[in-house]
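A note on names: the letters A, B, ... follow the listed sequences, proteins ahead of strands, and every chain is numbered from 1.
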Number of protein chains: 2
Amino acid sequence: MARPILATGNLEPILRPTVNDIAREAGVSLATVDRVLNARPGVRAKTVKAVNDAIARLGYVRDLTAANLARSRNYRMAVLLPDTESQFIQSLAAALVEAGQAAAPSRTELRLIRFPAEDPHALAALLGSLSSRDLAGVALMAPETPVLRDAVRALRARGLPVVALVSDLPNADHFIGIDNRAAGRTAGVLLGRFLGGGPGQVMVLGQSLLARDMIERRRGFDEVMQRDFPGLEVLQSLETHGSPTTLRQVVTEMLANAPRVRGIYAMGGGNRTLTQVLGEMGLSGKLTVVCHELTPHVRQALLTGEITAVITQNLGHLARSTLRVLRAKADNQPLDESQEQIRIEIVLRENLPDLPAPASAARIDRVA
Amino acid sequence: MARPILATGNLEPILRPTVNDIAREAGVSLATVDRVLNARPGVRAKTVKAVNDAIARLGYVRDLTAANLARSRNYRMAVLLPDTESQFIQSLAAALVEAGQAAAPSRTELRLIRFPAEDPHALAALLGSLSSRDLAGVALMAPETPVLRDAVRALRARGLPVVALVSDLPNADHFIGIDNRAAGRTAGVLLGRFLGGGPGQVMVLGQSLLARDMIERRRGFDEVMQRDFPGLEVLQSLETHGSPTTLRQVVTEMLANAPRVRGIYAMGGGNRTLTQVLGEMGLSGKLTVVCHELTPHVRQALLTGEITAVITQNLGHLARSTLRVLRAKADNQPLDESQEQIRIEIVLRENLPDLPAPASAARIDRVA
DNA sequence: GCGTTTTTGAGGTGCGTACCTCAAATTTGG
DNA sequence: CCAAATTTGAGGTACGCACCTCAAAAACGC
């Protein structure tokens, strides 16, 4: 149950300057240093400078853990996701919950809130009801609309950091997700090269051609196909609007009319229905299919060869990054960009990572 | 210079049980709870159980930040790398130094130590000189030898956690790096598919066929080629022993004798020399070349088309993971396996990530 | 039952910081 | 130069925990 923390002995201290050192160095009292550090009023400009100079000279950095302890600071973050039931959203939600649990020891709490996917005003109202008294930050995955822009602006004006998830919002503090244009380009090379450069036709599917991420993917895809694979004819995008029925219909129709289709780029959701339709038409494994997001079903389809390649983003990373970024923003701290950059991952059957272990069971590592 | 931490107001507290709560719940004093928590002697088994029961009932988890503050705990880690001057090692070292700097605020210090690459006994002696009084953990990148095995065992016996970097060591506490067999398989599919399944010959290059990572890559590569691409003939591996001269010689010879070579799998280092030789022979961009590790030079070669695809691991992730794992081991804490798994990344020209920004310059994010 | 050993409690100090109060020192305005 | 306003200092408490001492209480041996 309760184990002592430490097997190895303690180390000789690594000395870092403290507030007391600053006070001595600056020739002022602790109270004054505190006033400067925490931007409290009642200090002459001259004194402020003296303190800041001492800080610079000593290379002082505030011990955030001690500071947070003293303030009993805690970080309650809200993450807003559409109430869609797609496997992607579900996996994302699960990853967020897990990251939230893992962050609990560092006084971070994550509140997952779902909003009606098709109602921008309801979302805006929800955002309006969030208070910076209860929250330290907000993460949000939603398509951009005028009301949403205003609501985000209002939130930030109230001092709450807002980060955009998966699909960018231009007036958020930060965007967490992949570069969708580059993702589209990557899909393009994979399809192009796997098809040997042609000849043949390529079908493109997307939920809605209005969402920012879809637009960017399509643009990147076309860019590469036109430049590098002129032998492949890219057919017009088909919109599915998230409806399995529509998807089934447009795919069937297109495949009947375009017999030279050798590849499919599925930009958005609906991968489950797509593989199903292909199966029914006896085309499983006969076409080169590139899609997005490594959901459980896509995993399976990769293994059976129904899907050739997947462009994906690591949702665990995305979730942890979300918390780290929100926290950094809440603390007004700089962030490590390279750590927060979400990579575009290419998954084939051969580099399919092991299924992540269930969250709760803490694994035992090797023992001597 | 010194900014106040917090713009947003404080939140209503998220209450977590403290040691005082345990004492009350268990009906004992604070001192006794402390004795149990830190495994100090002089407590009856019965009392220990009462305390542990209370801990379980309340769901108490120790506040590690407060604990570390109280103990003035700090984490000094040693990372041992061969003194090779390859771009890979240099990039790795740079990533480690950067991760070490980023971890400084959390009382973590990283000491980079280089050892003579070809002298296992010197390395063993070095390991023998490390003390658990000065260090909290050791990370090590080295080929396995009998003396090394013994040295690692001795280190662990002295209570120092040891993790293996890049290439696995079976008796380390943990391995941080990619699954090299899967990496070899991935290289196989890429080459196979990019070459349209054949016909043709494929050349395989490696520094030394003795290192564990090389063996595994070759095995994974062969596995896929035999099973999925029988139309491609895989030539015998060529060993370069890290010598540019040897590499130049064997490649030239092989290409002269095997005119049907259409692809190259470069399992180890020497990518700089390889592209150079290919250029001299007028073959730049004419062969499909798959190699490992996204070093600066390989980036360049990807952009010019001299190299087709790269199997790589994110060194920033690797470095941060090293510190997290060492810390978790030092604290005897469980680790989040999914966060520590280093992914096999496939990099083509089209998904080449932006060059990471220089370490020191903290970036400013968007402002309202 | 008594002395001895073992176990427990009460209390304090410190880690580095935040935040508060009150009095003393300094500066400012007229 | 004096009164008023501003700035500074001294000191305390708290956060959650580690670690120490000393005395009181309980368990133990015989």
Rounded distance in Å - CG (Leu37(B)) to P (dC17(D)): 8 Å

field: Asp63(A) CG to dG16(C) C1', straight-line distance once rounded to whole Å
entry: 6 Å

- prompt: Is the shortest side-chain N/O distance from Arg35(B) to OP1 or OP2 of dC19(D) below 4.0 Å?
  reply: no

- prompt: Does Arg40(B) have a side-chain nitrogen or oxygen under 4.0 Å from the phosphate oxygens OP1 or OP2 of dC19(D)?
  reply: yes

query: Can you tell me if Arg158(B) uses its side chain to pair, donor with acceptor, with the backbone of Leu130(B) under 3.5 Å?
result: yes

task: Mind calculating the distance between CG (Asn38(B)) and C1' (dC17(D)) to the nearest angstrom?
output: 8 Å

message: For dC17(D) and Arg71(B) - does any side-chain N or O of the residue sit under 4.0 Å from the phosphate oxygens OP1/OP2?
response: no

- prompt: Can you check the Leu69(B) CG to dA18(C) C1' distance for me, whole Å?
  reply: 13 Å

field: Nucleotide dC22(D), atom P - distance to CG of Leu30(B) in whole Å
entry: 19 Å

task: Ignoring the backbone of Thr18(B), work out which of dG16(D), dG16(C), dA18(D) is nearest its side chain.
output: dG16(D)

query: How many Å lie between CG on Asn20(A) and P on dG9(D), as a whole number?
result: 13 Å

- line: Nearest-nucleotide check on DNA chain C, Arg16(A) vs Arg44(A); residue mapping nearer the 5' end is Arg16(A)

Whether Arg114(B) side chain and Leu80(B) backbone form a donor-acceptor pair below 3.5 Å: no

message: At less than 3.5 Å, do the side-chain atoms of Arg107(A) and the base atoms of dG16(D) form a donor-acceptor pair?
response: no

- prompt: Do the side chain of Asn38(B) and the main chain of Asp34(B) share a donor and acceptor less than 3.5 angstrom apart?
  reply: yes

task: May I have the distance from Lys46(B) (atom NZ) to dT6(C) (atom C1'), rounded to whole angstrom?
output: 14 Å

message: One pair to check against side-chain contact (heavy atoms from CB on, under 4.5 Å): Arg343(A) and Asn314(B). What are the steps and the verdict?
response: CA-CA 9 Å; Arg343(A) 306 296 277 264; Asn314(B) 183 325; 2.6 Å; yes

- request: For the pair His174(B) (side chain) and Pro161(B) (backbone), establish whether a donor and an acceptor sit closer than 3.5 Å, ignoring hydrogens and angles.
  value: no

task: Nearest whole angstrom, please: distance from the P of dT17(C) to the CD1 of Ile22(A).
output: 7 Å

- request: Select one nucleotide: of dA18(C), dT8(D), dT8(C), the one nearest the side-chain heavy atoms of Asp34(A).
  value: dA18(C)

field: DNA chain D: 5'-proximal contact among Ala70(A) and Ala31(B) (nearest heavy atom)
entry: Ala70(A)

query: Is any side-chain nitrogen or oxygen of Thr32(B) closer than 4.0 Å to OP1 or OP2 of dG9(C)?
result: yes

